[in-house]
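In what follows, chains are A, B, ... by sequence order, proteins preceding strands, each numbered from 1.
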Number of protein chains: 2
Amino acid sequence: MGHWHPFDRRGYHHGNLKEALIEVARRFIAERGIGGFTLADAAKLVGVTPAALYRHFRGREALLAEVAGRGFDDLAARLARALKGPGTPLERFTRMGEAYLAFAEEEPGYYAAMFAPRGKEEDACGPWGARFAVQADGGEEAHGAFDLLVKALRETFPEGFGGVDARFIALEVWALSHGIATLAAAGQLPTGPGLPSKHELLRAGVLALVHGALPGRREAL
Amino acid sequence: MGHWHPFDRRGYHHGNLKEALIEVARRFIAERGIGGFTLADAAKLVGVTPAALYRHFRGREALLAEVAGRGFDDLAARLARALKGPGTPLERFTRMGEAYLAFAEEEPGYYAAMFAPRGKEEDACGPWGARFAVQADGGEEAHGAFDLLVKALRETFPEGFGGVDARFIALEVWALSHGIATLAAAGQLPTGPGLPSKHELLRAGVLALVHGALPGRREAL
DNA sequence: TGTACATCAGTGAACGCGCGTTCACTGATGTAC
DNA sequence: TGTACATCAGTGAACGCGCGTTCACTGATGTAC
């Protein structure tokens, strides 16, 4: 009672099968990776025949794409929340970085689905695709996660970046975040005395990236 | 003639089966991804029964691990070459970044094998593992790719980083490189008018990361 | 140089498995009258 | 309120497939004498 549970089932009709499958796929991918995810096990977990899946999805790939889409939405929501919170622009911007790492850590299923090298199909969705659209320039409302990042940069550093496009900086920050998140997820970030946590790594790196592009800093080197 | 070709075969015994399998696996993974790689197809490509593979590898995972190992060796060799070339330390350091991106782009098979989320097995090899060992501190010879990066940083900026461990900076640079390389490989780096290439992205980012940590720069922000 | 033999790297057939997907079906639900 | 019917979301059995792996085997190679 209270929370709805994906394994609940009352009667012949499941009633929430689509949502349940997405939910189970997310957990599944988180545990075994995207290659280890099978329709058969997912169906068994929600207590349904594998064939029932085809009432809601065209097939395996469609399910994965939907999971990825949910992931992009969730990420954008988290980033938006971090950006809207209290504090100075710089604090909020820093919090966005934390939110990104937290998302990658807490939702490895989503993250893997989002950034897994998609098959041959069209990349109808992706960080810079429909749900993430890169704006030509500012003005319109920012929907996707990437646009949120650009918006945050413009708010945090209203003086600009000495003629450098904020989207340039945003890409740098994104690439660094993604690199740290994936190395950490793969267990390939070394830990040990004197070595930084991924959070320290991201915070210092983001500051350096922004800092390095700030006006009056570009003449050196 | 001249170059040895993995599909060559003279007689009952192949003679180069192990090397041929590694070579074919590399190309295969590059084209279809690590999940699309199968022993059956690999064996067929080199003109051999699938069972023959087991004379040289314990199984599929062992072959993949060997491919990853070759990749780490190749990457280290490329980075070492870039570092040993002519030019100022800064030029050589910048060239290491280029070499990294070039490796990821030219050897997607290696790259995927190296950084694919390994199964449950021990990560006996990895960027910071046996072939990549992170030195406790300087002194000993640098064998792995990561150590080469640290060494290059120390050579390029002998004045140090204001008390910050060079390995810290190296991790930042590595994470950024990895992030850019993987986003680019997945086709998730947006391109368009006014947006930078991955090479511009890496060069500017690395400079900012190094710059931001240089002495006399850490008081601002 | 020739023969016997050990060693090694292949063969080819077979295995068990589990996958994604299809199909005709049936049970449950909702709506019209 | 009750009945007939259309719609929908499941079932369950079956499919073809291709995978990784095994096994007893055999052809080729190299070495001892």
What does [N] pair with, Watson-Crick or G-U, if both distances are under 3.5 Å?
N: dA13(C); value: dT22(D)
N: dG27(C); value: dC8(D)
N: dA32(C); value: dT3(D)

Exercise. Report yes or no: does Arg32(A) contribute a side-chain atom to a donor-acceptor pair with the main-chain N or O of Thr38(A) at less than 3.5 Å?
Key: no

Quiz item: So, does Thr49(B) use its side chain to make a donor-acceptor pair with the main chain of Ala51(B) at under 3.5 Å?
Solution: no

Return the value, rounded to whole Å, for the distance between atom [atom1] of [X] and atom [atom2] of [N].
X: Leu17(A); N: dC8(D); atom1: CG; atom2: P; value: 16 Å
X: His56(B); N: dA9(C); atom1: NE2; atom2: C1'; value: 6 Å
X: Leu21(B); N: dT21(D); atom1: CG; atom2: P; value: 13 Å
X: Phe37(B); N: dG20(D); atom1: CZ; atom2: P; value: 8 Å
X: Glu61(B); N: dT21(D); atom1: CD; atom2: C1'; value: 14 Å
X: Leu39(B); N: dT22(D); atom1: CG; atom2: C1'; value: 14 Å
X: Leu53(B); N: dT11(C); atom1: CG; atom2: C1'; value: 14 Å
X: Phe57(A); N: dG10(D); atom1: CZ; atom2: C1'; value: 15 Å

Practice problem: Would you classify Ala51(B) as touching base, sugar-phosphate or nothing, given that sugar-phosphate means primed atoms plus P, OP1 and OP2, and contacts are heavy atoms under 4.0 Å? | Solution: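 Base contact - Ala51(B) has a heavy atom under 4.0 Å of at least one base atom.
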
Quiz item: So which nucleotide from dT21(D), dG10(D), dT11(C) ends up closest to the side chain of Tyr54(B)?
Solution: dT21(D)

Exercise. When you get a sec, tell me which of dT22(C), dC19(C), dG12(C) is the closest nucleotide to the side chain of Thr49(B)?
Key: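 Taking heavy atoms from C-beta onward, the closest nucleotide is dG12(C).
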
Quiz item: In terms of the nearest nucleotide of DNA chain C, which residue is placed more toward the 5' end: Pro50(B) or Thr38(A)?
Solution: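 Upstream on the strand: Pro50(B).
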
Quiz item: Of Arg60(A) and Ala52(B), whose closest DNA chain C nucleotide lies nearer the 5' terminus?
Solution: Ala52(B)

Quiz prompt | Residue pair Ser177(A) / Leu202(A): nearest heavy atoms and the distance that separates them | solution = OG-CD1, 3.5 Å

Practice problem: Compare every heavy atom of Leu148(A) with every heavy atom of Leu83(A), then report the nearest pair and how far apart it is. | Solution: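 Leu83(A) and Leu148(A) have their closest heavy atoms at CD2-O, 4.0 Å.
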
Quiz item: Is any N or O donor-acceptor pair between the side chain of Arg55(A) and the base of dG10(D) shorter than 3.5 Å?
Solution: yes

Practice problem: Kindly assign one of parallel, tilted or perpendicular to the pair Phe115(A) and His178(A), based on the angle between their ring planes and the thresholds 30° and 60°. | Solution: tilted

